[in-house]
Amino acid sequence: MRLRNIPGSREAIAESRFVVHEDEMREKKGHWDAVFERAQPLYLEIGMGKGRFLTELAQLHPDRNYVGIEKYSSVLVRALEKREQLPDLDNLLFLRMEAEDLTDVFGPGEVSGIYLNFSDPWPKDRHAKRRLPGREFLARYNQILTPEGRVEFKTDNRTLFEFALEEARAAGWTLEACTFDLHHDETMLPGNVMTEYEERFSAQGNPICKLVISRSVC
């Protein structure tokens, strides 16, 4: 799907105090506690889209720090618009970066949890390495997560979900929870925060799949 270019998006991102910029990111590696007002557990959403999910989480959990990662300026600027309406929210920042660079920006054991929501399925076999729940990315997550760290993944794409389950199993991760129909799962639904995509897809009658995995400790 081609993304619509939003004039001025790069400039808005470059000027925002809620974005940690490319020339600063790698300097923060291992020191993200010092970036926020308070030193507390750090959580990432990779491919955060327009930011509804993470903005709501940050409001619900002031005892956690959140970083939203998005590579497209035209998408990140929409999340930034939401963020700027909450100037007193001190536990949420954004990065415009590629997920492949995670281990250059976050240090070993620095992240308490990772959220993957409605990630690009990259359906062609030759693009499998680009899938965020795939084993190449799991290896990166394994490096930056705490020993107790977990990855939570939601999607309406059953094929991608089954791929994620197989990749986690092959990589030695532990499956903590799993459902093929989140919105009708009495165990996993409580506390669920929806993304823009989730609201749209579930309204169309698409079941939402979710898994929670814990890291393989090397």
Side-chain angles (χ1 to χ4, degrees), residues 1 41-49 52-54 56-57 64 66-71 98-103 106 108-218:
M1 180 178 66
L42 178 65
Y43 290 78
L44 312 181
E45 184 183 8
I46 302 173
M48 69 169 181
R52 168 180 168 178
F53 173 82
L54 208 61
E56 187 170 338
L57 272 189
R64 299 176 176 181
Y66 293 93
V67 169
I69 295 171
E70 176 56 55
K71 66 179 180 179
E98 297 279 354
E100 288 85 351
D101 298 329
L102 280 173
T103 55
F106 299 96
E110 193 167 26
V111 176
S112 293
I114 293 173
Y115 301 101
L116 308 174
N117 292 313
F118 301 89
S119 306
D120 192 326
W122 292 104
K124 295 181 180 179
D125 289 343
R126 69 176 184 270
H127 294 151
K129 290 184 178 181
R130 300 184 184 184
R131 299 171 190 161
L132 292 180
R135 68 188 71 185
E136 285 80 8
F137 280 100
L138 290 175
R140 294 180 175 96
Y141 309 152
N142 199 44
Q143 291 184 55
I144 65 175
L145 282 168
T146 65
E148 302 79 20
R150 304 193 303 175
V151 174
E152 300 189 15
F153 172 53
K154 288 194 289 188
T155 182
D156 71 320
N157 188 310
R158 181 69 175 257
T159 301
L160 180 62
F161 190 70
E162 291 174 348
F163 167 84
L165 286 169
E166 180 56 35
E167 291 289 281
R169 187 179 304 113
W173 288 61
T174 299
L175 183 64
E176 302 282 352
C178 176
T179 180
F180 289 90
D181 192 358
L182 174 62
H183 290 191
H184 293 94
D185 190 309
E186 295 181 357
T187 301
M188 294 185 66
L189 182 61
N192 180 58
V193 174
M194 289 203 291
T195 73
E196 289 92 348
Y197 280 119
E198 184 174 354
E199 184 173 49
R200 183 195 312 168
F201 294 151
S202 60
Q204 294 170 353
N206 298 346
I208 305 301
C209 304
K210 180 177 180 179
L211 62 77
V212 181
I213 55 175
S214 56
R215 67 184 289 251
S216 55
V217 181
C218 298

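The shown structure was predicted, so the numbers you read here are calculated from the model rather than taken from an experiment.
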### Query
Got a sec, which residues hit side chain to side chain donor-acceptor pair (under 3.5 Å) with Glu152, two or more places apart in sequence or on another chain?
Lys210
### Query
Which residues pass the side chain to side chain contact (heavy atoms under 4.5 Å, CB included) test with Glu148, sequence neighbours left out?
Thr146
### Message
As an exercise, state the distance from CG of Asp185 to OG1 of Thr179, rounded to the nearest 0.5 Å.
### Response
3.5 Å
### Message
Using modelled atom types and a 3.5 Å cut-off, is there a donor and acceptor pairing between side-chain atoms of Glu167 and backbone atoms of Arg135?
### Response
yes
### Task
Indicate yes or no for a side-chain donor-acceptor contact from Gln143 to the backbone of Pro108 under 3.5 Å, with no hydrogens or angles considered.
no
### Query
Step by step, would you call Ser112 with Arg64 a side chain to side chain contact (heavy atoms under 4.5 Å, CB included)?
CA-CA 9 Å; Ser112 293; Arg64 299 176 176 181; over 6 Å; no
### Query
Listed by chain and number, what are the ring pair (Phe, Tyr, Trp, His ring centres under 6.0 Å) partners of Tyr141, not counting sequence neighbours?
none
### Query
Are Glu110 and Ile144 side-chain neighbours, meaning at least one heavy-atom pair lies under 4.5 Å?
no
### Query
If every non-hydrogen atom of Leu102 is compared with every non-hydrogen atom of Leu44, which pair is closest and at what distance?
CD2-CD1, 4.1 Å
### Query
Under the 3.5 angstrom rule, does the side chain of Arg140 hit a backbone N or O of Glu100 as a donor-acceptor pair?
yes
### Euclidean distance, Leu175 CG relative to Ser214 OG, rounded to 0.5 Å
8.5 Å
### Query
Which atom names give the shortest non-hydrogen contact between Ala171 and Leu138, and what distance separates them?
CB-CD1, 4.1 Å
### Query
Within the side chain of Arg131, is there an N or O that forms a donor-acceptor pair under 3.5 Å with the backbone of Pro121?
yes
### Message
Are there over 12 heavy-atom neighbours, none belonging to His184, within less than 6.0 Å of that residue's NE2?
### Response
no
### Query
Should the heavy atoms of other residues, nucleotides or ligands under 6.0 Å from CD of Glu186 be counted, would the total exceed 12?
no
### Query
Counting distance only, does the side-chain N/O of Thr174 pair as donor-acceptor with the main-chain N or O of Glu176 below 3.5 Å?
no
### Query
Salt bridge between Arg200 and Glu196, side-chain N to carboxylate O under 4.0 Å?
no
## Note on the structure
Closest heavy-atom pair, Leu160 versus Ser119, reported as atoms and distance to 0.1 Å, is CD2-O, 3.7 Å
### Task
Evaluate side chain to side chain contact (heavy atoms under 4.5 Å, CB included) for Leu145 paired with Val151, printing each intermediate quantity in order.
CA-CA 9 Å; Leu145 282 168; Val151 174; 4.0 Å; yes
### Query
After noting the C-alpha distance and the side-chain angles of Phe118 and Ile208, does the key distance pass the side chain to side chain contact (heavy atoms under 4.5 Å, CB included) rule?
CA-CA 9 Å; Phe118 301 89; Ile208 305 301; 3.9 Å; yes
### Query
Between Glu199 and Arg52, what is the shortest heavy-atom contact and its length?
OE1-NH1, 2.8 Å
### Query
Considering all heavy atoms of both residues, which atom of Ile69 and which atom of Phe106 are nearest to each other, and what is their separation?
CD1-CE1, 4.1 Å
### Message
If I compare all heavy atoms of Ile213 with all of Leu211, which pair ends up nearest, and what's the gap?
### Response
CG2-CD1, 3.8 Å
### Task
Please work out whether the ring planes of Tyr66 and Tyr43 are parallel, tilted or perpendicular, with thresholds of 30° and 60°.
tilted
### Separation between CD1 of Ile114 and CD of Glu45, rounded to the nearest 0.5 Å
11.5 Å
### Query
Looking at residues at least two apart in the chain, or sitting in another chain, which of them share a side chain to side chain donor-acceptor pair (under 3.5 Å) with Glu56?
none
#### Entry: From Thr155 atom OG1 to Leu182 atom CG, the distance as rounded to the nearest 0.5 Å
11.5 Å
### Task
Would you give the length of the straight line joining atom CG of Asn157 to atom CZ of Phe201, rounded to the nearest 0.5 angstrom?
9.0 Å
### Task
Check the angle between the aromatic planes of Phe161 and Phe153 and answer parallel, tilted or perpendicular using the 30° and 60° thresholds.
parallel
### Task
Please name all residues satisfying ring pair (Phe, Tyr, Trp, His ring centres under 6.0 Å) with Phe163, sequence neighbours left out, ordered by chain then number.
none
### Stepwise side chain to side chain contact (heavy atoms under 4.5 Å, CB included) test for Phe53 and Met48
CA-CA 8 Å; Phe53 173 82; Met48 69 169 181; over 6 Å; no
### Query
Does the side chain of Asn192 reach to within under 4.5 Å of the side chain of Lys154, using non-hydrogen atoms?
yes
### Task
Could you list the residues that satisfy side chain to side chain donor-acceptor pair (under 3.5 Å) with His183, not counting sequence neighbours?
Glu198
